[in-house]
Amino acid sequence: MNFERYKEAFEKAASNSGYSEENINYCLGYAEVLFRNNVPVIYNTSHLSALVGYKKEYLKKAVVHTPFFYRDFQIKKKNGKLRTISEPLPSLKEIQTWILDSILSNVSVSPFAKAYRKNVGLLENIKFHKNQPLVLTMDLTDFFTSVKTNSVEEIFRSLGYSDLIANLLAKLCTKDNSLPQGAPTSPALSNLFFKPVDERIAAYCKLNHIRYTRYADDLNFSGDFDAEKLKAYVKGAVESVGLMVNDSKTRVMKSGSRQLVTGIVVNEKPQVAFQKRNKLRQDLFYIRKFGLEDHMKRRKIKQANYLSHLLGQVNFIVHINPDDKEFQDYKTYLVGLKQTLGHA
């Protein structure tokens, strides 16, 4: 429905309900901004309640007693440290999914952001940095948890929502005053929060002929440039919005060394790092020589979906480099093995 049709229907319904002309004009002025931003009109808490299919009382409890609407657990990161995941309960997750699909998915993010976007992914991120004289990667510290509720509220307010609705939406999408890792809305909100910084960094890079992309909390740069000068500029841009760069993960890689962007080698052609590929080679060698069951016993592997796990890793390597015949053969072998053994 376009705004003119909405206006006609609203005026008729509001007049029949006894709304004053002043009130009708106020509501239509509010709605027009939201239409212009391609997001749904939400007038008040009762209206949001009807849209998401949950009672107003439930929404209020979810924003007042937020911790009770999440299940927290920890997973191991690559460095061995633990990452806390806050998974919303199914009801809250359903509401957040509505917010994601109906509001956030309709708002454009920076084209330099390559994660959490439909039809854009890892390959889009790495292809810009192939075969460059210098690659610089920088990592943001605690990206999601550094984005606070007031910043999320400002995102919704900038779309045209009232202070009341912006505050309500923000609280439905945050926990402990930040974006929770585990909520379906957090990735999209992180992209929208970082959009001004993406544009600021991109403008600097364009001026200095530097390639720039960002994949979630990984900032990637390539070309011929002064690395120290660029690092200083990026840190200033990042810190201006209350974020921090993790200096321990900053990497400057020249063309003579292995250049990695989001874990993928980009020197001449995109390729998964040698150690990961070689580990898979060894696993496949022993599976072919001794059989899957014996290999798992030797390695003390108890993972129920081990075969699917291996196939997923091989699929990823082939996805990054479709011309890798060696791993195409591994893929064919594993698919055949799964069928033979009757694995799902």
Side-chain angles (χ1 to χ4, degrees), residues 74-86 109-117 120-130 132 134-148 151 178-183 186-205 208 210-223 225-254 257-267 270-273 275-276 316 320:
Q74 293 182 315
I75 59 172
K76 262 190 180 181
K77 296 196 286 186
K78 290 180 181 179
N79 60 9
K81 293 182 180 179
L82 295 175
R83 184 196 306 277
T84 299
I85 302 296
S86 295
V109 300
S110 167
F112 301 95
K114 303 301 180 182
Y116 315 134
R117 291 172 55 198
V120 178
L122 199 60
L123 281 177
E124 281 288 319
N125 185 62
I126 62 178
K127 71 178 185 180
F128 297 100
H129 306 290
K130 187 177 71 173
Q132 293 295 307
L134 194 66
V135 170
L136 166 67
T137 59
M138 303 175 75
D139 186 86
L140 300 173
T141 301
D142 300 327
F143 186 26
F144 279 14
T145 54
S146 296
V147 181
K148 304 304 180 185
S151 296
S178 64
L179 293 181
Q181 295 209 34
S186 293
L189 285 167
S190 71
N191 270 346
L192 291 172
F193 170 78
F194 206 77
K195 183 178 179 179
V197 188
D198 277 327
E199 300 300 334
R200 180 176 167 183
I201 293 173
Y204 176 90
C205 288
N208 292 278
I210 303 168
R211 296 164 182 251
Y212 166 61
T213 61
R214 178 177 60 83
Y215 194 84
D217 56 0
D218 291 320
L219 283 63
N220 311 294
F221 308 88
S222 64
F225 53 89
D226 183 328
E228 293 304 315
K229 190 175 179 181
L230 177 57
K231 282 194 288 183
Y233 183 87
V234 172
K235 286 185 74 171
V238 165
E239 290 171 3
S240 71
V241 293
L243 299 178
M244 297 291 291
V245 170
N246 185 345
D247 290 326
S248 67
K249 290 188 177 182
T250 297
R251 299 285 182 271
V252 179
M253 296 159 280
K254 297 180 180 179
S257 63
R258 189 178 63 163
Q259 296 174 324
L260 289 171
V261 172
T262 49
I264 305 299
V265 179
V266 295
N267 291 68
Q271 189 75 277
V272 172
Q275 292 93 328
K276 293 182 180 179
F316 178 70
I320 296 299

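Everything numeric here is computed off the predicted structure, so don't read it as measured data. Just so it is clear, the values below take in all heavy atoms, side chains as well, and ignore hydrogens, waters and symmetry mates.
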- Message: For a quick test of reading the model, state the closest non-hydrogen atom pair linking V120 to K114 and the distance between them.
- Response: CG1-O, 3.4 Å
- Query: Any idea which heavy atoms bring R83 and Q181 closest together, and the distance?
  - Reply: CD-OE1, 3.3 Å
- Item | Set of residues satisfying ring pair (Phe, Tyr, Trp, His ring centres under 6.0 Å) with respect to F221, sequence neighbours excluded | Y212
- Task: Name all residues meeting the side chain to side chain contact (heavy atoms under 4.5 Å, CB included) criterion together with P187; count only those two or more places apart in sequence or in a different chain, and write none if there are none.
- Result: Y116, F144
- Query: What are the two closest non-hydrogen atoms of L134 and A227, and how far apart are they?
  - Reply: CD2-CB, 4.3 Å
- Note on the structure: Separation between NE2 (H129) and CE (M253), nearest 0.5 Å, reads 10.0 Å
- Message: Treating S146 as the side-chain partner and D142 as the backbone partner, does any N or O pair qualify as donor plus acceptor under 3.5 Å?
- Response: yes
- Residues in side chain to side chain contact (heavy atoms under 4.5 Å, CB included) contact with A203, at least two apart in sequence or another chain: none
- Apply side chain to side chain contact (heavy atoms under 4.5 Å, CB included) to S178 and list each qualifying residue two or more places apart in sequence or on a separate chain. T145, K148
- Check side-chain hydrogen bond (donor to acceptor under 3.5 Å, both in side chains) between E239 and all other residues, then give those that pass, not counting sequence neighbours. none
- Message: Run the ring pair (Phe, Tyr, Trp, His ring centres under 6.0 Å) test against F128 and tell me which residues pass, sequence neighbours left out.
- Response: none
- Message: How long is the straight-line distance from SG of C205 back to CZ of R211, given to the nearest 0.5 Å?
- Response: 12.0 Å
- Return the set of residues passing ring pair (Phe, Tyr, Trp, His ring centres under 6.0 Å) with F316 (not counting sequence neighbours), or none when no residue passes. none
- Item | Pairs flagged by salt bridge (Lys or Arg N to Asp or Glu O under 4.0 Å) wherever residues 186-201 is involved - sequence neighbours left out | D198-R214
- Nearest heavy-atom pair of I126 and P270: which atoms, and what distance? CD1-CB, 3.7 Å
- Of all residues at least two apart in sequence or in a different chain, which pass the side-chain hydrogen bond (donor to acceptor under 3.5 Å, both in side chains) check with K130? none
- Query: When rounded to the nearest 0.5 angstrom, what is the spacing between CZ in F112 and CG in L219?
  - Reply: 12.0 Å
- Spatial distance of atom OG (S86) from atom CD (Q74) [nearest 0.5 Å]: 10.0 Å
- Between K231 and T250, what is the shortest heavy-atom contact and its length? CD-CG2, 3.6 Å
- Task: Find the distance between CG (L136) and CG (L230) and round it off to the nearest 0.5 Å.
- Result: 5.5 Å
- Taking side-chain hydrogen bond (donor to acceptor under 3.5 Å, both in side chains) as the test, write out the residues that go with K127, two or more places apart. E124
- Query: K235: what forms a side-chain hydrogen bond (donor to acceptor under 3.5 Å, both in side chains) with it, not counting sequence neighbours?
  - Reply: D247
- Item | Verdict with supporting geometry, D218 and T262, side-chain hydrogen bond (donor to acceptor under 3.5 Å, both in side chains) | CA-CA 7 Å; D218 291 320; T262 49; over 6 Å; no
- Query: Among all residues two or more places apart in sequence or in another chain, which pass the side chain to side chain contact (heavy atoms under 4.5 Å, CB included) test with N246?
  - Reply: D139, T141, S248, K249
- Using only heavy-atom distances, determine whether the side chains of N220 and T137 contain a donor-acceptor pair under 3.5 Å. no
